[in-house]
Each structure stands twice: as C-alpha cells, then as structure tokens.
Amino acid sequence: MKAFLMNKDQDFDLKGNLPPNEQALIQDLELNTLFNAMAQGDTFLLGVAKCAVLGGVNNGPDTIVYRQNILKDCLKNPLIVKEIYNISLGAIESERKVWRFLTDYPSGILQRSIDVLQSFVTALKKVRNVADERVDEFDSEGFTALFDMIRKELGDDFFASVQADLRKLKFRGGVLLSAELGRGNKGTNYVLRKPREKQSWMKRILGEGSVVYTFYLHPRDESGAKALSELNDTGINLVANALAQSTDHILSFFNMLRTELGFYIGCLNLHEQLLRKGEPMSFPVPVASSERKHSFKGLYDVCLALRLKERIVGNDVNADNRDLVMITGANQGGKSTFLRSIGLGQLMMQCGMFVPAESFCSNVCEGLFTHYRREEDATMKSGKFDEELSRMSDIADSMTSSSMVLFNESFAATNEREGSEIARQIVCALLEKGIKIFFVTHLYALAHGFAGEKTENAMFLRAERQADGQRTFKLVEGEPLQTSFGGDLYNVIFGVLEEPPAKLGST
C-alpha cells in the first residue's frame, strides 16, 4: 500500500539529499521562522517541513500542481486530514508500545507480530471508515487515489481473513509439524501443518482414530523442555518471519502516510497563523523553467509577517521576460525584505504550498542560491572580500542554466570601482548562461552601468522614498540614483527629526 500524497508515483523521501547550500538558504531567507511556524513545536513536523521546502527546488510544474490540489482539499477538510494523521500516528505509537522481549526467538517474534497486527487492524478499520464516509468531500487526484486504494484493498473480506488467520496463529491447540529423519536421525524438512479440524463428540467416540503416540516430560526435565521449545521454534520460524514482514509492510504504510500528511499539516498550521493576521495567500501558477515568468501582486516576506503583529507591505511587480532585476534605492527602504520575499515565494511555490501574495506566477528553477553579505571572518584566515569571492565560486560550481540567484549587497567589501567591475563581470557571465538574477546593491556604478547600456531583459526597481524622507517600503520601477539617502538615517539617529520614519517591513 502506498500513500502517494507528495508524488504521483513514488514515496516522499524524508532522508533525501538537501541542496548543498542548505545552510545559506536557511540563514539568508530566515527559513527557521517558517519551519517553526509550520511545526508548532513538533520536532517531526519540523523535519518534514525542512525537507519538503528545501527539497522542492527540483520539482516541476506537474508535481507542484499535484500537491496544490491536495493542499486545497486539506484546506477544505482540515479536521478530516488531521483525523487521518492522528490515526497513523496512533498506529505507529501502538507498535512501539508492544513488548520486544524474546524477539530473538521465532515464538517471540510470532507473538509480538500478532499483537502488533491486531492493533494495526484496528487502525486500518478507522482509515477505511474515513475513506467510506468522506471520499465525496475530496476532489484531488492524490486523495481520490488513496481512498480508492484503501476501499479496494481493505474490504470486509480482508479484515475477516486477517482475524481468522490471527486466531489460527495463536496455536491454542498446539503446533502440528511434519518432519523427516536426516543424517544421524536428526530431524529435517520441518513443515508447519494446518491443524486438524475439530470433530464432533460422536465422531470422536465412534470413528476410527489415527494411531497417536504420546510422551510426557518430567516437570524437572529442563533439557527436554528446551528441546521441545527449539522444535516448536523450528516449525513456526517461516510463519513468524512472514508475519513480521507483513507488520513491517503495514508499519511502513503508516509511517509514509504520517510523513506525507505531515507536510500538509504544517501547511495548515501556517495557513491558520497567516489567516488570523489577515495576510493574503494564494496558489501560484508555475510554468516550465524554459519560460521567463515572474509576476506577482502583494508579495510580502512571510517570515517578517510571522514575527510582527502589524500587517506587512506587499509589492506588485511584473518581471516577465526579464533575466535581471536590479534593486536600488534608499537605505531602510525594504530592499532586503523584498529580496527575501522573492526567495521565500519561489521555495514555497516549488514545494507545492500557497505563497504569501495576492497572486503569483513564476517559472520553476533548478536551484535557488543566495549571495548575501557576511560578517568579517573571526579567525582572520581571509578578508571579507576573499570570503565573498570564495562563496561565489562555490555557487557557480553548483548552478545550472535554470537556476536563480539572489544577491544582497554583494562585492561591496572593496572600493566601488573594483566591486562594481567584478560584480558586472559575474552578472554578465550568469546572464549568458540563462540564470535569473535579483540583485540588491548600493554600487551606483554597477547599477547605472547596466541601466546606461540598456541591457536587454533587465528591469530596475527602486525603494520608494517620499519627499519628507518617509519610506513606503514599496518597490517601484526606476533607474538607480547616485544617493541612498543616508542623510535620512543620520537625521533620525542624531535626533534631527522629531518623528522617525516608520520601520515596518524594513531591513
């Protein structure tokens, strides 16, 4: 039995390989805030959220839409989904509670497997009942296939057969074996036989019975008792192993059902928190990596929204058919926050979630990379600029032509002329390979150079600043300016302004 709630034809690999830049993505996009919101203190859900979100960079549009439809069903029926999740969790915990003593012996393995399978049958019946009663409330391909499989394979005949077999495997009437004599008169070719059917008392009295030889052990004959126990274990060994494999198969189903539903439970947790804050959410439209799409309305930084009580300012941008988006403007104007929202929206889309926006459409990318400023190397083994170039080299080794990279104040550790020239050469090389770039910079020479050359497929955004110095935290189209309005910050810090600009949504 397979759940197939994350992929159409394969299980979700919770131990799958995460991207090589996992730690950089977590740090630069502040992903731990997102993961913790999805997990709500549950360490298992935390691991599922991390694996699903970071591992989604390899998903194509079909997989994304497949998961979106399942998530829509979950949002329509959250209580039912949580009920199925709790059933699977209860089955897994019941298996852990069954004793594990003497499981080195076939008789111990058999008895434990019987007890475990009995608890699994109870859980499977609950799942079947949910499928029977709620199947019409789900529309997605994933849930429809899961419920059809459960109703088909877990019918009344199945449960009746299992219960009958479990009664037989308790061997209340003893174990019937056949064997042959081998070399040295040792038993060989042991076969477990079906127990004789019970006869009526009249047949037992009047019928001809087969010849039976009986022997009795002395109560203190420990060697004889041990020999009989070994004989019994030899006979039931194959049955014990077969039943243990059956319980393992059912346990793997519950484990996978819990894991795959865990992703959607995390999405429900996140959805509830954003809904309480009144933040917009929507299901994005993914397109193939060969296209150049990136347009959205009301996109905001979901991690910032989770940390603050106030509503977050969203941005509207249409960067379709653009390979380079250069972002400049006033300090504390929301540029870094906007860049994080780009990365978070892309990751959430590609793992099959809703996105923090009123609408969102983007092409999928085969890898998301971030190149953000870092603090000075505390060990003094290298300078800040050396470290930037080293990280850029590592990123270049991992990128493909369908990747996307987010630069935040990169290559500013040296003077503007050198930093701008190095950044220009790197950006040009990446554009030649078809890599999508979002670049936040204060390097005027860099931004102005691309603007002056009328670079094809480039877009220029600027953090909006009002005439009185107030920041709106909106990004608008506009060519770069020579100033970042650092004087505004000076006035605020040194008390020149009576009322400092609001800082909501800025970083």
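Starting from 1, each residue takes its place in the sequence as its number. Fair warning: this is a prediction, and the values are worked out from it, not measured in the lab.
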(request) Check the side chains of Gln111 and Asp115 for a donor-acceptor pair under 3.5 angstrom, ignoring hydrogens and angles. (result) yes
(message) Tell me whether Lys76 is salt-bridged to Asp73, with the criterion being a basic N under 4.0 Å from an acidic carboxylate O.
(response) yes
(message) I need the Leu270 CG to Ile265 CD1 distance, nearest 0.5 Å.
(response) 13.0 Å
(request) Write down the atom of Cys74, the atom of Phe143, and the distance for their closest heavy-atom approach. (result) SG-CE1, 3.7 Å
(message) Is it the case that the side chains of Gln27 and Gln23 hold a donor-acceptor pair, with the cut-off being a distance below 3.5 Å and no angle test?
(response) no
(message) Between Glu387 and Arg391 (salt bridge meaning N to carboxylate O under 4.0 Å), is one present in this structure?
(response) yes
(message) So that I can tick it off, tell me whether Arg128 and Asp156 are bridged by a salt bridge, with the cut-off set at under 4.0 angstrom between side-chain N and carboxylate O.
(response) yes
(message) Taking Lys126 first and then Glu83, would you say they form a salt bridge - that is, a charged N and a carboxylate O separated by under 4.0 Å?
(response) no
(message) Please tell me whether Ser336 and Asn408 have a donor and an acceptor in their side chains that are separated by less than 3.5 angstrom.
(response) yes
(message) Which heavy atom of Glu260 sits nearest to which heavy atom of Ala3, and what is that distance?
(response) OE1-CB, 3.6 Å
(request) Could you tell me if the ring centre of Tyr264 sits under 6.0 Å from that of Tyr85? (result) no
(request) Could you pull out the closest heavy-atom pair between Thr370 and Ala24, with the gap in Å? (result) OG1-O, 3.7 Å
(message) Would you say the ring centers of Phe263 and Phe12 fall short of 6.0 Å from each other?
(response) no
(message) Suppose we call two aromatic rings close when their centres sit under 6.0 Å apart. Are His249 and Phe254 close by that rule?
(response) no
(request) Using the side-chain contact (heavy atoms from CB on, under 4.5 Å) rule, take Val116 and Leu251 through it: C-alpha gap first, then chi angles, then the decisive distance, then the call. (result) CA-CA 9 Å; Val116 171; Leu251 178 61; over 6 Å; no
(request) Show your reasoning for whether side-chain contact (heavy atoms from CB on, under 4.5 Å) applies to Glu22 and Lys50. (result) CA-CA 10 Å; Glu22 163 198 353; Lys50 179 179 179 180; 2.8 Å; yes
(message) Between Glu95 and Arg258, does any side-chain N to carboxylate O distance fall below 4.0 Å?
(response) no
(request) For Leu89 and Phe44, run side-chain contact (heavy atoms from CB on, under 4.5 Å): C-alpha distance rounded to whole Å, both residues' side-chain angles, the deciding distance at 0.1 Å, then the answer. (result) CA-CA 11 Å; Leu89 179 58; Phe44 179 79; over 6 Å; no
(request) Could you give me the CA-CA distance, side-chain angles and deciding distance for Val325 and Ile342, then say whether side-chain contact (heavy atoms from CB on, under 4.5 Å) is met? (result) CA-CA 11 Å; Val325 178; Ile342 293 291; over 6 Å; no
(request) Please answer whether the main-chain N or O of Asp9 pairs with a side-chain N or O of Asn7 as donor and acceptor at a distance below 3.5 Å. (result) no
